[in-house]
Peer 1: 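Take a look at this one; I'll ask things after.
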Amino acid sequence: MTPAKICGVTRPDDAAYAAHLGAAYLGFNFWARSKRFVEPVLGRALARTARAASPAVQCVGVFVDAPVEEIVAVARLVGLDAVQLHGDEPVADGAALTAAGLTVWKAIAIAGPDDLARVAAWPAAVHVLDAASPARGGSGQTIDWSLAAQAVAAGHPVILAGGLTPRNVASAIAQVRPLAVDVASGVETSPGVKDPIAVHQFLDATRRAVSYLRR
């Protein structure tokens, strides 16, 4: 199974269900302008609910241009396993967060080939390749998978995001071969409200994609 991140989780039932079905990561959005924003106290409750359903699940906090001190405080309150920087943060912020003991993921908006240079220039544990949008993710727009495949071929640790759904995720995995895949709007009935059937279908598709690749 290619690990999957169900992002933009806002409800305890959704957190528990996705974790129970085998999602490797759950994403909680702490950017106040997001349609999927959750307060840190709710994020902590979501993390606890998810881990009760599956102790193996990892919780990732999504931040956009937040001060380093704020990110560290939220990460410690919620008990995050990683922080995902989804704005225009400088590399120095990543270094400071790493020095504080946090695992840093960096989201890079991919609109064209020139954006691949930004992947190489931003050291991080993983790079989340997503579509460029004012919403900073969750737009439902796909990126050019061939560009993501180039990043993987160059040796960058890539999590593929941007417009993935139960219908296209197997094809995306086959073309890109990412470390993991990331979905938000592709498994929702409305922003922040996950569709349990779509979540199940998405995770099942990631399992079938691995079986296909190994034949």
Side-chain angles (χ1 to χ4, degrees), residues 1-9 18-19 21-27 29 36 56-58 60 62 81-82 84-87 103-188 191 194-215:
M1 175 179 180
T2 298
K5 173 168 167 267
I6 308 298
C7 201
V9 175
L21 286 183
Y25 309 101
L26 297 185
N29 200 315
R36 301 170 181 87
V57 72
Q58 296 190 42
V60 181
V62 178
D81 297 289
Q84 178 176 321
L85 308 184
H86 222 294
T103 299
V104 178
W105 296 9
K106 183 66 181 83
I108 305 290
I110 301 295
D114 292 345
D115 293 318
L116 294 180
R118 298 173 55 223
V119 177
W122 223 106
V126 295
H127 295 94
V128 181
L129 304 190
D130 203 350
S133 74
R136 302 287 184 172
S139 67
Q141 302 174 39
T142 58
I143 68 171
D144 185 335
W145 293 344
S146 68
L147 295 178
Q150 289 180 42
V152 171
H156 300 298
V158 166
I159 292 179
L160 181 65
L164 297 180
T165 70
R167 294 178 298 280
N168 67 11
V169 67
S171 296
I173 291 169
Q175 181 169 341
V176 178
R177 309 290 181 93
L179 292 178
V181 290
D182 185 320
V183 65
S185 63
V187 293
E188 290 181 332
K194 305 306 179 190
D195 179 343
I197 294 175
V199 170
H200 185 280
Q201 291 173 337
F202 188 89
L203 294 173
D204 185 59
T206 65
R207 295 185 183 96
R208 289 188 287 103
V210 172
S211 297
Y212 171 78
L213 290 173
R214 289 177 178 171
R215 284 205 298 267

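Only this structure's heavy atoms are used, side chains among them; waters, hydrogens and symmetry mates stay out.
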Peer 1: Which atom names give the shortest non-hydrogen contact between A151 and L129, and what distance separates them?
Peer 2: CB-CD1, 4.0 Å

Peer 1: Exactly one of V181, L21, V169 should register a side-chain contact (heavy atoms from CB on, under 4.5 Å) with L203. Which one does?
Peer 2: L21

Peer 1: I'd like to check the salt bridge (charged side-chain N to carboxylate O under 4.0 Å, His left out) partners of D144; sequence neighbours left out, ordered by chain and number.
Peer 2: none

Peer 1: Please collect all side-chain hydrogen bond (donor to acceptor under 3.5 Å, both in side chains) contacts where either partner lies in residues 117-127, sequence neighbours excluded, each pair once.
Peer 2: none

Peer 1: Kindly write out the residues that satisfy salt bridge (charged side-chain N to carboxylate O under 4.0 Å, His left out) with D195, not counting sequence neighbours, or none if the list is empty.
Peer 2: none

Peer 1: Which pair of heavy atoms, one from G112 and one from L147, lies closest together, and at what distance?
Peer 2: C-CD1, 3.6 Å

Peer 1: Under 3.5 Å, side chain of K106 to main-chain N/O of A125, donor-acceptor pair present?
Peer 2: no

Peer 1: Within the structure provided, determine whether I159 and K5 are in side-chain contact (heavy-atom separation under 4.5 Å).
Peer 2: no

Peer 1: State which residues pass side chain to side chain contact (heavy atoms under 4.5 Å, CB included) with A107; sequence neighbours excluded, sorted by chain then number.
Peer 2: Q84, H86, V128

Peer 1: Compare every heavy atom of R36 with every heavy atom of A184, then report the nearest pair and how far apart it is.
Peer 2: CB-NE, 4.2 Å

Peer 1: By ring-ring contact (aromatic ring centres under 6.0 Å, His included), which residues pair with Y25, not counting sequence neighbours?
Peer 2: W105

Peer 1: Does anything in residues 149-170 form a salt bridge (charged side-chain N to carboxylate O under 4.0 Å, His left out)? List the pairs, not counting sequence neighbours.
Peer 2: none

Peer 1: Which pair of heavy atoms, one from Q58 and one from D81, lies closest together, and at what distance?
Peer 2: CA-OD2, 3.2 Å

Peer 1: Between D130 and G162 (side chain of the first, backbone of the second, donor and acceptor by atom type, cut-off under 3.5 Å), is there such a pair?
Peer 2: yes

Peer 1: Find the distance between CZ (R208) and CD1 (I173) and round it off to the nearest 0.5 Å.
Peer 2: 10.0 Å

Peer 1: Of all residues at least two apart in sequence or in a different chain, which pass the side chain to side chain contact (heavy atoms under 4.5 Å, CB included) check with A172?
Peer 2: W145, L160, L164

Peer 1: Could you tell me which non-hydrogen atom of P178 sits nearest to which non-hydrogen atom of V158, and how far apart they are?
Peer 2: CB-O, 3.5 Å

Peer 1: Search all heavy atoms of D115 against all heavy atoms of I108 and return the closest pair with its distance.
Peer 2: O-CG2, 4.0 Å

